[in-house]
Amino acid sequence: MQVQRVDHHELFEQIYTQAPIGIALASPEGQWTKANPAFCQMLGYTSEELLTRTYQDITHPDDLAGDFDYVCGLLEGKSKGYQYEKRYVRKDGQTLWISLHVALVRDEPTNEPLYFICHVVNISDRKAIEQKMAHKEEIFNLISTHAQEIIYIASTDGKCQFCSPSVQQLLGISPDDVIGKTNFEFFHPQDLERIKHINFTNGSLLRLRLRHKDGHYLWIETTCKMIGEAGQDQKILAIGRDISERKKHEEISAEAERIASIGSWEWDILNDYISCSDQIFEIFELERSRGPLRSGDIFKFIDPADGKRLREHIEWAIKGEPLDFEYRYVNADGNEKHLHLRGIMSFDEDDRPIRINGTLQDITERKLVEFKLQESVERYTSLKKYNHDAIISFNMKGNIMNANPVAIEMTGCPVSEMAGTPIARFIGEDNYRHIEQGQYELAEKEIDKILHVGGHETEVLATLAPIIINNKNVGFYLIAKDITEQKKLLIAKETAERMSQAKSEFLAMMSHEIRTPMNGVIGMTDLLLETEGLSGEQKEYIEIIKKSGESLLAIINDILDFSKIESGKTDLIDGPFDLKSVVHETIDMVKPGIREKKLKVGLTLDDKIPTPLFGDAYRLKQVLTNVIGNAVKFTSEGRIDIDVRLEEVREFDASFRFRVKDTGIGIPVEKREHLFQPFYQLDNFMTRKPQGTGLGLAISKKLVQLMHGDIWIEENKEPGTTFVFTVWLKTKTSEEISIYQHEYERARTDSLRILIAEDNEVNQLVLRKMIEKKGHHVDNVVNGKDAVEAVKRAHYDIVFMDVHMPKLNGFEATRQIKETLPENECPFIVAVTANALRGDKERCLEAGMDAYVSKPIRSESVLPLIEDFNNRKKASSWR
C-alpha cells in the first residue's frame, strides 16, 4: 500500500487555525505579528485589530513588570521558555486571567532572535473558583481567629482536627497543644462520663467544665453537632462559649433569693398547674412535693378570710391589674410569718388569661420594723406635742409642713393657716437665705427671734435639725427656745466673764510687780546673813524672814506661771529642731477639723530650709497652731494653702516667712487692727457666741516678736484670709551643726511625747515640770473627754491619767482609748489617784491601765516608770 505524503505546512495551519487555545507570534519588540482565531476571540479583537498592537497594550498594568523580566530572560538566553499566569485586558475592558507559555525562536546560523511564540489558555473560570474558595477560607479564618467562642472539630473517635485560636484566651493553651489529640484530660471527670453517652446526630446543647492551664475549671456552654454524610468522613463540630460569669450570677441569684427569703412561681391557668422554686418550700417549711400543685392547694396555707381577699385580687389581676397581696401565715408550730405575694398576668391573642408569673417573699422582719417605726412615730408625735420649745417643720423649699402647740402660741398662727406658708414669714428673709445656701450654723446664730402675727417678737435660741428620710434631706425642724427671761441672766454672765478676764490681766500684772520687790527682800536677807557680828537670835529672825519670803515668792511664781500665757509674757528656749517636722506635726494636730470639713490642704516647703535650726520649736508650733487652727475654724469649704520660705540667710541665723491662706469667710478691714490685741475675740463679728479668750493671736504676735519677726494680714482680693508671719532662727556654724545634729538625733530617740490628763492645775504643773526637766515633750488636758480626743489626734508614748476627772473619769477614758486605737498604737497609760488603799492598784490595772502611781506625786515614783518605758521602747526597736 502506498503511503500518502503529508503536507506538514498545511497540517500546521490546520492545527494553528483549529486549536482551542490561543496561539500567537510576537516580534522581539513586542509587536503581534500573527494570532490564531482562538486568541482573537479570547481578547475580543479581530486579527487586524490585534496586529496593530503590542503585547504591552493588552497586558494588565500590574503585570507589565513581570512580563519585562521574562522577556529579558529569554532575550539574554537565561531560559528557552517560561510558563506563568498573568492578566490581559480585553477590548471591552474586562480582565482576563490566562496561563501563558512563551518561547523565543532564534535564527540558527546567527542566533539572532526572530519572534516569540505564545501559547495562551483562558483560566478565568478557574481563577474565579480559586478566589471564591480563598474568600471563603479568609472568612473562616477571620471567624475562627476573632471569635470569642472555641470552635472545635474532631473526628468521631474524639481526635481534634481543628481548634480556633480563642482556646488560648479561654484555657491558656495554644491550638497546637490540642490538635491531633483526644484532649479528654481537659474535661471534668464528672462531665466526661456524661459526654460519652450523648448522641451528637441531632445536635446537643451541653454545659460542662473544662480545665484551664492554671488548674481551675471554667463552665462552658457548648453546641455539638455531627456534620458530614453518614458512612463518610463524619466529624463532630463543637462551638463553646465561657459562661462562668453567667453560672456565677445564677448561683448568686439563687443565693440572693435564699438570703432575701423570696421565691418564684408560675401558675399555668389553662392546665391549673403551679410550679415553684425551692425557696417557696423553704418559706413554708415544707419538703418539696413530687406531685403537681393545683390552685386549690395554695388556699390550704391561707386563713379563710385572707383566702377570700386573695380571690378578689386574682379577679383584679385577670382584669389587667398587677397582683399585689400581703397576708399572714401561721405554721404548724404556731409561728407567725408575714408574706408578700406579687404576680403579673399573661394573656393570649384573644385576651384570655393563660398564666401568672410572680414571687413570694417573707417580709416578717420588714413588718416588725414597720411596727416599731409606727411606735416611734407615735412617741415622736407625743414628744413634739408636749415639748416646751416651739417646733416647726418645713420642707426644702422653705414651706411649713407642721408645728407644735408651743409654736402656735409663739407665732399666734394656727397650723391650718401656717401650713404651706414660707418659714421666712416668722424668721426673716435673710435668715432663710442662709438656710437656702446651706449655711446652717450661721442661720442658727442669726435666728434670735420669732415673729408673732400681732407684730411683737419673742427672743429665742434656735436649733436646726435636718429631716432625713431614706438617706435624703427632705426638710428641717426649727427648734426655738424662748430665752426672753434668760436673756438678762446671759447678759449678766457675759459681764461677769469680761470682769473675770480683766481680773486675770490685773492678777498677772500685780504678780509681776510683787515679784520684783520680793526678789529684793530675799536677796537682802541673803546679804544680811553674811554680815559679821549677828547674834543667834538675829540670825534666827533673818532665817524666818528669808523662809517666809521664799514661801511668798513660790506662791507668786505659781500665780505668774499660771498667768504667763494670758499676759503674753514668756521666755524662749534655744534648742535644735527640724522645721519641716514642726510644720507637719502642726498640720497633724488640726487634721480632725480638716477631715470633718473635707478641706483640701496644700503644703509647700522650701527645699533650701536647713536642718537642724535652733530656737523654741514649741513656741513656734504654738504660733502655727493658732494661725492654721483659725484658718480651719473659719473655712467651711475649699482649701488651706501653707507656704514656708527661707527669706534671708546671715552668718549665724536666717529669717523664714510663713504664709497661711484660706478660702473662708474673710475678715473685714475695719476689724483687722484689733485682731492682735489681748482679749479681742477673732470671731466676735462672725458669731454672737464668744469662743475662747481672744488671746490666741495676741500671744502669737508677742511670740513672733520675741523671735524678731512680725505677723500681719496680707491684702488679697481673693476670698478668704491670708496670714503672714516671719521669724529669725539660729543656724550656727557647720561644726556646731554637726555637734547639735548628734545631740538632736539622740534627743529625738530618748525624748518621749507624754500627755497629762489632770484637772487640778497645781498637780498638773508639778507633774509637767518634773517630766520636762528630763527633756520630754508634754501636753496637758483637764478632763477625760479631752484626753480621748487628744490621743486620737496625735501619737503619745505615755498618758498620766487622773482617775477622778470631770466629763469623763479616768477609767472610762482608758476604756474608750483601748477600744478606739489598735493595740500597737495605744499609749502606755499610768493611773494617777489620791487613793492608796488596798485594792486600788488592782482596780486600775483591771480597768486596762498599764501602771499606777498615788498622790502626792514624787519624782522617785514617776521618773523610774518613764525610764523603764523608754528602755523597753529602745529595746523593741533594735529587734
Side-chain angles (χ1 to χ4, degrees), residues 6-108 110-146:
V6 178
D7 188 341
H8 292 285
H9 179 74
E10 183 180 353
L11 179 61
F12 172 76
E13 283 294 333
Q14 287 293 329
I15 295 172
Y16 170 79
T17 302
Q18 301 298 328
I21 65 172
I23 302 173
L25 304 179
S27 67
E29 293 78 20
Q31 185 72 41
W32 294 109
T33 58
K34 192 173 181 62
N36 73 340
F39 188 60
C40 294
Q41 183 181 7
M42 204 179 293
L43 294 171
Y45 288 103
T46 64
S47 178
E48 291 77 13
E49 290 173 336
L50 187 62
L51 296 183
T52 61
R53 288 166 170 74
T54 65
Y55 77 88
Q56 292 95 336
D57 294 335
I58 64 171
T59 298
H60 193 282
D62 294 344
D63 296 337
L64 286 172
D67 269 357
F68 180 77
D69 292 339
Y70 287 127
V71 168
C72 290
L74 291 170
L75 292 173
E76 293 172 3
K78 296 179 179 178
S79 176
K80 293 183 179 180
Y82 290 106
Q83 183 168 350
Y84 60 97
E85 295 177 358
K86 60 175 287 188
R87 287 164 292 179
Y88 279 146
V89 179
R90 286 171 49 86
K91 181 180 179 180
D92 57 10
Q94 293 184 3
T95 301
L96 184 71
W97 272 100
I98 57 100
S99 174
L100 173 66
H101 181 277
V102 58
L104 178 63
V105 177
R106 296 177 179 272
D107 182 74
E108 291 185 0
T110 64
N111 202 35
E112 287 295 322
L114 297 177
Y115 53 86
F116 295 103
I117 183 168
C118 303
H119 295 83
V120 181
V121 179
N122 184 356
I123 61 171
S124 295
D125 292 340
R126 192 194 78 195
K127 274 291 183 182
I129 293 172
E130 289 178 355
Q131 289 175 351
K132 188 174 181 180
M133 292 297 294
H135 180 65
K136 288 183 178 179
E137 186 174 352
E138 181 181 359
I139 291 175
F140 176 76
N141 288 335
L142 284 172
I143 292 173
S144 62
T145 301
H146 299 286

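The first residue in the sequence is number 1, and the count goes up from there.
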_Steps toward side-chain contact (heavy atoms from CB on, under 4.5 Å) verdict (Thr59, Val89)_ = CA-CA 6 Å; Thr59 298; Val89 179; over 6 Å; no

*Under the side-chain contact (heavy atoms from CB on, under 4.5 Å) criterion, do Ser99 and Gln83 qualify, and how do the steps go?*
CA-CA 7 Å; Ser99 174; Gln83 183 168 350; 3.7 Å; yes

Tell me whether [X] contacts the main-chain N or O of [Y] through its side chain, where contact means a donor paired with an acceptor under 3.5 Å.
{"X": "Arg106", "Y": "Tyr115", "answer": "no"}
{"X": "Tyr45", "Y": "Leu51", "answer": "no"}
{"X": "Asp57", "Y": "Thr54", "answer": "yes"}
{"X": "Ser27", "Y": "Gln31", "answer": "yes"}

*Considering residues at least two apart in sequence or located in another chain, which fulfil the side chain to side chain donor-acceptor pair (under 3.5 Å) criterion with Asp92?*
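By the side chain to side chain donor-acceptor pair (under 3.5 Å) rule, Asp92 matches Arg90.
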
[atom1]-[atom2] distance between [X] and [Y], expressed to the nearest 0.5 angstrom:
{"X": "Ile129", "Y": "Ile123", "atom1": "CD1", "atom2": "CD1", "value": "11.5 Å"}
{"X": "Asp67", "Y": "His60", "atom1": "CG", "atom2": "NE2", "value": "12.5 Å"}
{"X": "Tyr70", "Y": "Lys78", "atom1": "OH", "atom2": "NZ", "value": "12.5 Å"}
{"X": "Phe68", "Y": "Gln56", "atom1": "CZ", "atom2": "CD", "value": "9.5 Å"}
{"X": "Lys34", "Y": "Ile117", "atom1": "NZ", "atom2": "CD1", "value": "11.0 Å"}
{"X": "Asn122", "Y": "Ile98", "atom1": "CG", "atom2": "CD1", "value": "9.0 Å"}

_Neighbour count above 12 (heavy atom, 6.0 Å) for Gln131 CD_ =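 Check passes, neighbour count above 12.
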
_Of all pairs that satisfy salt bridge (Lys or Arg N to Asp or Glu O under 4.0 Å), the ones with a partner from residues 116-129, not counting sequence neighbours_ =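 As it turns out, the salt bridge (Lys or Arg N to Asp or Glu O under 4.0 Å) pairs with a partner in residues 116-129, which skip direct neighbours, are Glu85-Arg126, Glu85-Lys127, Arg126-Glu130, Lys127-Glu130.
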
*Sort and list the pairs that fulfil salt bridge (Lys or Arg N to Asp or Glu O under 4.0 Å) and have at least one residue in residues 44-54, not counting sequence neighbours.*
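For residues 44-54: Glu49-Lys91.
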
*Name of the residue among Val105, Leu74, Thr33 meeting side-chain contact (heavy atoms from CB on, under 4.5 Å) with Phe116*: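 Among Val105, Leu74, Thr33, the one meeting side-chain contact (heavy atoms from CB on, under 4.5 Å) with Phe116 is Leu74.
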
*asked:* For Tyr88 and Trp97, I'd like to know if the aromatic rings sit close, meaning centre-to-centre distance below 6.0 Å.
replied: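 Ring-ring flag for Tyr88/Trp97: false, centres at least 6.0 Å apart.
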
Give me the atom names and distance for the closest heavy-atom approach of [X] to [Y].
{"X": "Trp32", "Y": "Ala24", "answer": "CZ3-CB, 3.5 Å"}
{"X": "Asn36", "Y": "Ile21", "answer": "ND2-O, 2.9 Å"}
{"X": "Ser47", "Y": "Cys40", "answer": "CA-SG, 3.7 Å"}
{"X": "Arg87", "Y": "Asp63", "answer": "N-OD2, 2.8 Å"}

*Check whether any side-chain heavy atom of Thr17 lies under 4.5 Å from a side-chain heavy atom of Pro37, and answer yes or no.*
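When only atoms from C-beta onward are counted, Pro37 and Thr17 do touch, with a gap below 4.5 Å.
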
*asked:* side-chain contact (heavy atoms from CB on, under 4.5 Å) for Cys118 and Leu100? Distances and angles first, verdict last.
replied: CA-CA 7 Å; Cys118 303; Leu100 173 66; 3.7 Å; yes

